[in-house]
Amino acid sequence: MRVGTLVLLCALVAVAWSKPVWKEKNRGYKNYRLVRLSPTTQDQIDFLKRLENTVQLGIDFWTPSDHPGTHNIDIAVPPKTYRTFIRLIEVNKITYKVIQEDIQSLIDTETTSNSKAREDKIKSKACESQGNWKGKDKNKCKNGQVAVATFSNLATDSIVGTYARHGEINAWLDAVAAESNGLATVETIGQTYEGKDMKVLKIGEDGTKPAIWVDAGIHAREWIAPATLVYIIDKFLSEYNSRPELNKYTWYMLPVANPDGYEYSHTSDRLWRKTRSPQSRRCTGVDPNRNWDSHFGEAGTSSNPCSNVYPGTAPFSEKCTQNIRDFINDHKDRLKMYLSFHSYSELWLTPWGWGREKPSDNDEMMRVANLGKTAVQGVNGKSWIVGAPPDILYAASGGSYDWAKEKAGIKYAYTFELRPDGNASNGFVIPASEILPSGKEVYAAVKKVASELI
Ligand code: 0X9
Ligand code: ZN
């Protein structure tokens with residue numbers, strides 16, 4: 001037995017005696033560190049793969065271990081197991097750096113930024129009938145009246161630029177559809193495991209035009225993704241009719257693809273990723289981006305129900321993936337493109353996610369993706385990386401966009417990893433001030449690629 005493995009086993013026995021970290025309720029992240037590792041040898045990568053399956057340590061790989069080549073691997077580590085973790089890393093001679101001392105402080109900053117964004121929205125709304133708000137950090141409307149912010153009325157007001165709750169997003173979809181003069185309608189495509197409505201906004205007429213599907217928030221904790229899609233929906237509602245590249249399609253937009261997980265990430269655990277269906281005596285949830293019927297259970301998955309990349313017992317074991325599958329199957333003859341928004345790393349992921357093989361139309365996939373990348377760059381100068389996950393990220397099977405292309409036959413299928421970039425030290429937890437810049441760059445990309453599909 002190698003020394004690294006022996007130390008790992010001893011550490012696990014020690015950790016097993018203490019209270020398991022995954023059982024915490026209303027989980028906080030005080031003194032959780034984000035540690036960036038730079039493995040250089042295959043042995044080190046193999047060791048990290050074993051570590052990734054060691055759920056007892058309570059560590060959370062923000063970047064999976066089979067990230068190829070020279071990339072960093074970021075891991076959130078609880079204070080309780082930090083010393084054990086570092087000992088394991090040092091025994092295996094892996095270079096590391098602590099890039100965040102306290103993940104809870106990131107969460108707190110994000111919460112404050114979101115409260116501020118919500119308050120600004122409400123003040124702006126409160127002033128609308130009185131001659132407009134004076135702007136950021138002001139409590140007055142332009143006519144001198146006080147702008148009163150009450151948090152009760154955000155649901156049907158504009159939520160653009162905020163991290164809204166699932167109920168608020170659903171209420172907003174209903175409200176914008178009602179005000180759209182028939183341009184948009186809401187369709188409930190089913191309920192989740194917990195009974196939440198999954199609402200899709202359809203923009204444009206049904207039944208005749210080719211169509212494009214966009215979803216966000218398959219992973220619960222990737223809040224920038226639903227917020228970016230809400231921004232894009234808002235832009236569509238004002239620009240669809242005047243932009244030929246938009247109005248030649250009917251668009252189906254699902255801002256929260258995993259509502260149970262998304263709500264749980266708001267109420268109980270900011271870093272929750274999976275669904276919320278019970279999987280074993282101790283562990284809850286399936287990775288909904290491993291739950292699709294495309295190379296199910298192969299690369300980038302774990303058979304441990306406690307793992308963040310547990311694919312479930314069978315393809316489409318989850319209600320949320322079933323509902324999307326059924327809707328897409330019902331519309332697949334008209335669907336030209338499938339887009340799925342995730343975070344983070346600023347990547348434009350092309351098919352396939354499951355392995356290094358390339359689709360026969362890979363050149364066309366890459367052509368359109370590179371045009372999208374250029375459009376993103378034109379907005380805020382962000383330089384996204386284009387490519388297939390096994391080449392630029394890591395192989396992951398059972399993913400939604402692979403299924404959309406392979407099984408539903410949708411020619412253009414992409415996954416986006418939104419802000420921040422892979423070198424950032426805040427990952428999934430970014431201030432609400434990033435929502436509008438993210439929305440603008442992704443909207444530019446979506447418009448561009450819509451004009452290029454053949
Ligand atoms: O691991 C994932 O599911 C995605 N990354 S994330 O950090 N958002 O979790 C990458 C998905 C790439 N797509 C597939 N491999 N299907
Ligand atoms: Zn994701």
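Note that ligands are numbered from 1 as they come in the structure, with each ligand's atoms numbered from 1 the same way. These figures come from a predicted structure and were not determined experimentally.
With respect to the salt-bridge test (charged N to carboxylate O, under 4.0 angstrom), the residues Asp293 and Arg325 do not qualify. The existence of a salt bridge linking Arg270 and Glu110 is confirmed by a sub-4.0 Å separation between a basic side-chain nitrogen and an acidic carboxylate oxygen. Using a 4.0 Å cut-off between charged side-chain N and carboxylate O, Asp74 and Arg36 make a salt bridge. Salt bridge annotation for Asp102-Arg33: absent, with no cationic side-chain nitrogen under 4.0 angstrom from a carboxylate oxygen. Comment: Asp363 does not engage Arg367 in a salt bridge, judged by the lack of any side-chain N to carboxylate O separation of less than 4.0 angstrom. Ion pairing between a basic and an acidic side chain is recognised when a charged N comes within 4.0 Å of a carboxylate O; Glu318 and Arg290 show no such pairing. A salt bridge is defined here as a Lys NZ or Arg NE, NH1 or NH2 lying under 4.0 Å from an Asp or Glu carboxylate O, and Asp60 with Arg221 meets this definition. Between Glu187 and Lys202 no salt bridge is recorded (no basic side-chain N to carboxylate O distance below 4.0 Å). A salt bridge links Glu434 to Arg419: one of the charged nitrogens lies within less than 4.0 Å of a carboxylate oxygen.
Near His342, the atoms of ligand 1 lying under 4.0 angstrom from a non-hydrogen atom of the residue are 8 (N). Set against the non-hydrogen atoms of Tyr401, the atoms of ligand 1 under 4.0 Å away are 13 (N), 14 (C), 16 (N). Close approach of ligand 1 to Glu222 is summarised as follows: ligand atoms under 4.0 Å from at least one heavy atom of the residue are 6 (S), 7 (O), 8 (N), 9 (O). Counting atoms of ligand 1 from 1 in the listed order, those under 4.0 Å from a heavy atom of Leu349 are 12 (C).
Counting heavy atoms only, Tyr394 comes closest to atom 2 (C) of ligand 1 of the residues Phe416, Trp292, Trp352, Tyr394.
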CA sep, side-chain torsions, deciding dist, call: Leu349, Tyr401, side-chain contact (heavy atoms from CB on, under 4.5 Å)
CA-CA 9 Å; Leu349 299 176; Tyr401 84 121; 4.0 Å; yes
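Residue Tyr344 has no nitrogen or oxygen atom sitting less than 3.5 Å from a nitrogen or oxygen atom of ligand 1, judged on distance alone. At least one N or O atom of Ser343, backbone or side chain, sits closer than 3.5 Å to an N or O atom of ligand 1. Among the atoms of Arg273, some N or O lies under 3.5 angstrom from an N or O of ligand 1. The shortest N or O to N or O distance between Arg290 and ligand 1 is under 3.5 Å. Looking at Asn289 next to ligand 1, an N or O pair under 3.5 Å apart turns up. Inclusion of Ala396 in the set of residues having an N or O under 3.5 Å from an N or O of ligand 1 is warranted. Taking any N or O of His219, backbone or side chain, at least one lies under 3.5 Å from an N or O belonging to ligand 1.
The closest side-chain heavy-atom distance from Pro210 to Arg334 is not below 4.5 Å. For the pair Met365 and Lys405, the minimum side-chain heavy-atom distance is below 4.5 Å.
Summary of contacts: the protein heavy atom closest to atom 4 (C) of ligand 1 is Glu417 OE2, 3.2 Å.
Near the Zn ion (ligand 2), less than 2.8 Å away, sit the protein N, O or S atoms His219 ND1, Glu222 OE1, Glu222 OE2, His342 ND1.
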